[in-house]
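The structure under discussion appears below in the form of structure tokens.
Remember, predicted model here, so these are calculated numbers, not experimental data. In each ligand, atom 1 is the first atom listed, and ligand 1 is the first ligand listed. Heavy atoms only: backbone and side chains are in, while hydrogens, waters and symmetry mates are out.
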Amino acid sequence: MGLTIQMLGTGSAFAKHYYNNNALLDSGEGKLLIDCGTTASLALHQMGVPLPDIDAILITHIHADHVGGLEEFGFQMNILHRRKPLLYIAEPLIHPLWEHTLKGGMSQQGMIDKLEDVFEVNVITPGVSTTLVPGIQIELIPTQHIPGKHSYSLFINDRLFYSADMVFDPDLLHHLVHERGCRSILHEVQLQGAGEVHTTLDELLSLPTPLQEQIHLMHYSDDMEQFRDKAGIMSFLEQQRVYPLADLERAE
Ligand SMILES: Nc1ccn([C@@H]2O[C@@H]3COP(=O)(O)O[C@H]3[C@H]2O)c(=O)n1
Ligand SMILES: [Zn+2]
Ligand SMILES: [Zn+2]
């Protein structure tokens, strides 16, 4: 079986019709969860995926729609399943994830006082393609989102670019497609307004046609249906649909 990708949700941080923009990659040999937002455990429940079936979690950046479900995930796995989930994370995210996000809910005197007490923490180095679960290699690519906050997009199996929340970076997209063999792009999109911390639909529409053909849109707001015919040849990913990676790639 080839790699499949299933979005737990495709919504922006404020969406109510769509769950948080988190993804489940399945190589057939292992499952990797990309981000674990506030709605992750409910979405996984609806998808029929028990938490212990997930082999590892990878975090792109610290916002609730990407890490807000880690407390429940960690507690469920530790308390109900007696296992520490494997957490892949870039080193600069460890301190803010524990001190600013999880510690308030998870710390427990004499038992839990650091991230490693709940998760099996594996640090991954940006710029280095690393096998996280069998059949899934990820390279973290630092991308800009919020000034002063670290955020990492993903290059998966040397062929799929998965944007974290990020401002428009056309040079990176050109580089990946023309020099790195990238064959499809899952890109966050902000449908209306100025893209101060996100990439707008208008910015993506400014890309050359062959690049747009590779782009599938995610992390969109509740009014997405009004934009279906305004996105040109770019398509909107559907939450919880299982996409074989090959189906996301443009026919040559
Ligand atoms: N400077 C900021 C910071 C945050 N935000 C909004 O808050 C959301 C947090 O999650 P997100 O998915 O990164 O989207 C962010 C913006 O909608 C924003 O619009 N501008
Ligand atoms: Zn987000
Ligand atoms: Zn964000």
### Query
Among N122, L87, I124, D35, whose side chain to side chain contact (heavy atoms under 4.5 Å, CB included) with L58 holds?
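One option only clears the test, and that one is I124.
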#### Entry: Candidates I136, I156, N21 - the one meeting side chain to side chain contact (heavy atoms under 4.5 Å, CB included) with I34
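Filter result, single survivor: I156.
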### Query
Taking only residues at least two apart or on different chains, which pairs with a member in residues 230-240 satisfy salt bridge (charged side-chain N to carboxylate O under 4.0 Å, His left out)?
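Listed once each, the pairs are E238-R241.
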### Query
When rounded to the nearest 0.5 angstrom, what is the spacing between NZ in K31 and CG in L24?
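K31 NZ to L24 CG: 7.0 Å, rounded to 0.5 Å.
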### Closest non-hydrogen atom pair between H145 and V197, with its separation
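In terms of heavy atoms, the two residues are closest at ND1-O, 2.9 Å.
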#### Entry: Distance-minimising heavy-atom pair for P92 and P96
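Residues P92 and P96, closest heavy atoms: O-CD, 3.2 Å.
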### Message
Please evaluate residues V189 and I215 with respect to the criterion side chain to side chain contact (heavy atoms under 4.5 Å, CB included), reporting the C-alpha separation (whole Å), side-chain torsions for both, the decisive distance (0.1 Å), and the verdict.
### Response
CA-CA 11 Å; V189 66; I215 295 179; over 6 Å; no
### Message
Contact between L70 and I57 at the side-chain level, heavy atoms closer than 4.5 Å - yes or no?
### Response
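In contact.
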### Task
Sort out the contact shell of ligand 1: every protein residue with a heavy-atom distance below 4.0 Å, listed by chain and number.
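For ligand 1, the contacting residues are A13, F14, H63, D65, H145, I146, D165, V197, H198, H219.
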### Message
My understanding is that only residues two or more places apart in sequence, or in another chain, count here; which of them pass side-chain hydrogen bond (donor to acceptor under 3.5 Å, both in side chains) with Q240?
### Response
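side-chain hydrogen bond (donor to acceptor under 3.5 Å, both in side chains) check on Q240 returns nothing, list empty.
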#### Entry: Protein N/O/S count near the Zn ion (ligand 3) (criterion: distance under 2.8 Å)
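Near the Zn ion (ligand 3), the number of protein N, O or S atoms below 2.8 Å is 4.
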